[in-house]
Amino acid sequence: MVEGPRRRRILCISFSDITADARVLRQLDVLTGLGDVTTIGYGDRPDAATEHLAIDPSLPSLPQTPAGVALLATRRFDRVEFKGPAVQAALAMLDGRRFDVVVANEARAMALAHQVADGAPVLADLHEWAPEERAHVTSWRLLVRPFMFHQCAKYLPLMSAVTVVNASIGEMYRERFGVRCRVVRNAGPLHDLRPQPLVEGRIRLVHSGGAVPGRNLEALIEAVRGLGAGHTLDLYLVPSRDGGRYLGKLRELIDGDPRITLHDPVRPHELAPTLNAYDVGVFSLPPLTPNHRLMLPNKIFDFVQARLAVVFNSAPETDRLITGHGFGTLAPDHTAAAMRDTLAALTPAQIAGYKQAAHRAADVLNSAEDAAVTHATVAELLGDGAQPVSRSEPPSSV
């Protein structure tokens, strides 16, 4: 009996709970069509994975141990890059395994991916601008920021391909590290939905995302508390890994206001149908880091697929989508007052028009184009002769 060709073996690394990570789940949907996929990360096995290697969720991916912090503080980055407890656990689980291609999600996974690839091509999906991901946090800025710059300078030239969330962030990688990036946005799949009619006398606001400090959720709550009784806000929040402390602070801020409701998160494929019951998707983020300033979050695509009007604070990448497709309006800044005043000025007729514009935009603002980029990239790497990503120019100093 003649056996068919061997299925390619693909490793997907993500230091996240993959079952709740919409971007990685979309990536897996593509990878599973190209081979047998082993995932390694926190949480349970994603449905698309052939095999899942679960990392203890108590283990951080960064070297947050006394010895690791000392090495970060003294800039001994080559000695510390494998000292993260989750990285060490992953190395142990992957010892002796071989793969045809490795996908590293976010820059913190690049060293591990390069180590376990053992010469196989590596795709780095950097998502956003890794070197200053949490630069608004003092300890992160002083200890981790220099380490992430070092990791990018060391490993980006060794990657066979690099993808990022938008062209603006891709240009930053080109300018600083001399590598060209392909764009894979955070758009979700096309949903067969229709805009829901407004309820007379009520405007139903909604937000979905992570319950993470710095996401400015307090401003949304304060904005709604400054509006009339006809505005409601529903929050679908994914808890952060802080034992529920931040969610507890948000509950205290809401203080029993009957117009503001905290919900448990829903699975990514259920999000658009759930949000479809509302009228306006809201989001406001202070530009504390380059990622904030150049944001193109998955929630804007989720709101479009849910056929909602949107109100975001102004930012270049989201402004282009909102004004170009006409499905919402912009708050002038990230403050609660700006969000309150922008929402107060919206009429039901405007909201209905924005929802119809979102319905038209849903046909193009979905993941089909992005899935094609990921498929073409990985298929190329699975072929013969995959080479490290070409430099566009010498990198600037780091």
Side-chain angles (χ1 to χ4, degrees), residues 3-55 57 86 90 93-94 96-106 108-110 112-114 116-127 159-165 181-192 238 265-273 298 301-302 305 366-384 386:
E3 294 185 1
R6 177 181 66 82
R7 287 269 293 174
R8 299 300 183 95
R9 294 185 295 266
I10 301 171
L11 174 65
C12 176
I13 305 169
S14 181
F15 291 113
S16 67
D17 181 348
I18 298 175
T19 61
D21 192 325
R23 182 177 179 90
V24 180
L25 289 174
R26 289 191 295 270
Q27 183 186 97
L28 290 175
D29 287 340
V30 176
L31 297 179
T32 194
L34 293 165
D36 293 328
V37 181
T38 296
T39 51
I40 186 163
Y42 303 118
D44 297 328
R45 181 182 71 85
D47 291 341
T50 307
E51 175 190 29
H52 179 62
L53 305 176
I55 299 173
M93 285 188 282
L94 293 167
R97 291 172 176 253
R98 296 291 178 267
F99 299 94
D100 296 294
V101 70
V102 177
V103 180
N105 280 282
E106 301 189 275
R108 66 184 64 194
M110 286 195 299
L112 171 65
H114 180 69
V116 301
D118 193 28
V122 181
L123 163 61
D125 184 5
L126 298 179
H127 299 205
M159 300 294 103
S160 300
V162 181
T163 53
V164 292
V165 71
C181 303
R182 306 178 191 189
V183 173
V184 175
R185 303 168 305 176
N186 277 332
L190 177 65
H191 286 263
D192 185 13
V238 179
V266 298
R267 292 171 64 86
H269 70 275
E270 299 170 337
L271 187 57
N298 61 337
F301 300 103
D302 295 334
Q305 289 303 319
N366 60 66
S367 60
E369 178 181 328
D370 305 297
V373 173
T374 300
H375 187 281
T377 301
V378 178
E380 176 186 314
L381 300 187
L382 287 169
D384 294 331

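Fair warning: this is a prediction, and the values are worked out from it, not measured in the lab.
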State whether the side chain of N366 and the backbone N or O of P189 hold a donor-acceptor pair below 3.5 Å, judged by distance alone.
no
Name all residues meeting the salt bridge (Lys or Arg N to Asp or Glu O under 4.0 Å) criterion together with R98; count only those two or more places apart in sequence or in a different chain, and write none if there are none.
D118
Which atom names give the shortest non-hydrogen contact between R7 and G35, and what distance separates them?
NH2-O, 2.9 Å
Summary of salt bridge (Lys or Arg N to Asp or Glu O under 4.0 Å) pairs that have at least one residue in residues 16-34, sequence neighbours excluded:
R23-D125
Determine, step by step, whether F15 and L112 satisfy the side-chain contact (heavy atoms from CB on, under 4.5 Å) criterion, reporting the C-alpha distance in whole Å, the side-chain angles of both residues, the deciding distance to 0.1 Å, and the verdict.
CA-CA 11 Å; F15 291 113; L112 171 65; 3.8 Å; yes
Criterion side-chain contact (heavy atoms from CB on, under 4.5 Å) on N105 and C12, from CA distance to verdict:
CA-CA 8 Å; N105 280 282; C12 176; 3.5 Å; yes
Working to the nearest 0.5 Å, report the span between CG of L94 and CG of L11.
5.5 Å
Distance, nearest 0.5 Å, that separates CG of D100 from CZ of R9:
5.5 Å
Work out which heavy atom in H191 is nearest to a heavy atom in H269; give both atom names and the distance.
CE1-O, 3.6 Å
Tell me whether T50 contacts the main-chain N or O of T38 through its side chain, where contact means a donor paired with an acceptor under 3.5 Å.
no
Student check: side-chain heavy atoms of R182 and T374 closer than 4.5 Å
no
So how far is it from T19 OG1 to R267 CZ, rounded to the nearest 0.5 Å?
6.5 Å
By side chain to side chain contact (heavy atoms under 4.5 Å, CB included), E369 pairs with (sequence neighbours left out) R185
Taking all non-hydrogen atoms of both residues, which atom of I10 and which atom of F99 are closest, and how far apart?
C-CD2, 4.0 Å
Taking only residues two or more places apart in sequence, or in another chain, which ones meet D44 in a salt bridge (Lys or Arg N to Asp or Glu O under 4.0 Å)?
none
Pairwise distance CG(L126) to CE(M159) - rounded to 0.5 angstrom:
9.0 Å
Closest heavy-atom contact between S367 and A187?
CB-O, 3.1 Å
Atom pair CD1 (I55) and CE (M93), whose distance is rounded to the nearest 0.5 Å:
5.0 Å
Let's go through L53 and R97 carefully: what are the C-alpha distance in whole Å and the side-chain angles of both, what is the deciding distance for side-chain contact (heavy atoms from CB on, under 4.5 Å) to 0.1 Å, and is it a yes or a no?
CA-CA 12 Å; L53 305 176; R97 291 172 176 253; 3.9 Å; yes
Please check if the side chain of H52 supplies one atom and the backbone of G43 the other of a donor-acceptor pair under 3.5 Å.
yes
Would you sort out whether V183 and V373 count as a side-chain contact (heavy atoms from CB on, under 4.5 Å), showing the intermediate values?
CA-CA 8 Å; V183 173; V373 173; over 6 Å; no
Closest approach of A49 to R45 (non-hydrogen atoms, all atoms of both residues):
O-NH1, 2.6 Å
Closest non-hydrogen contact found for Y42 with A86 is OH-CB, 3.4 Å
Across all chains, not counting sequence neighbours, the ring-ring contact (aromatic ring centres under 6.0 Å, His included) partners of H114 are Y155
Roughly how far apart are T377 OG1 and L382 CG, rounded to 0.5 Å?
11.0 Å
For R108, enumerate each residue passing the side-chain hydrogen bond (donor to acceptor under 3.5 Å, both in side chains) test, keeping only those at least two apart in sequence or located in another chain.
S61, E133
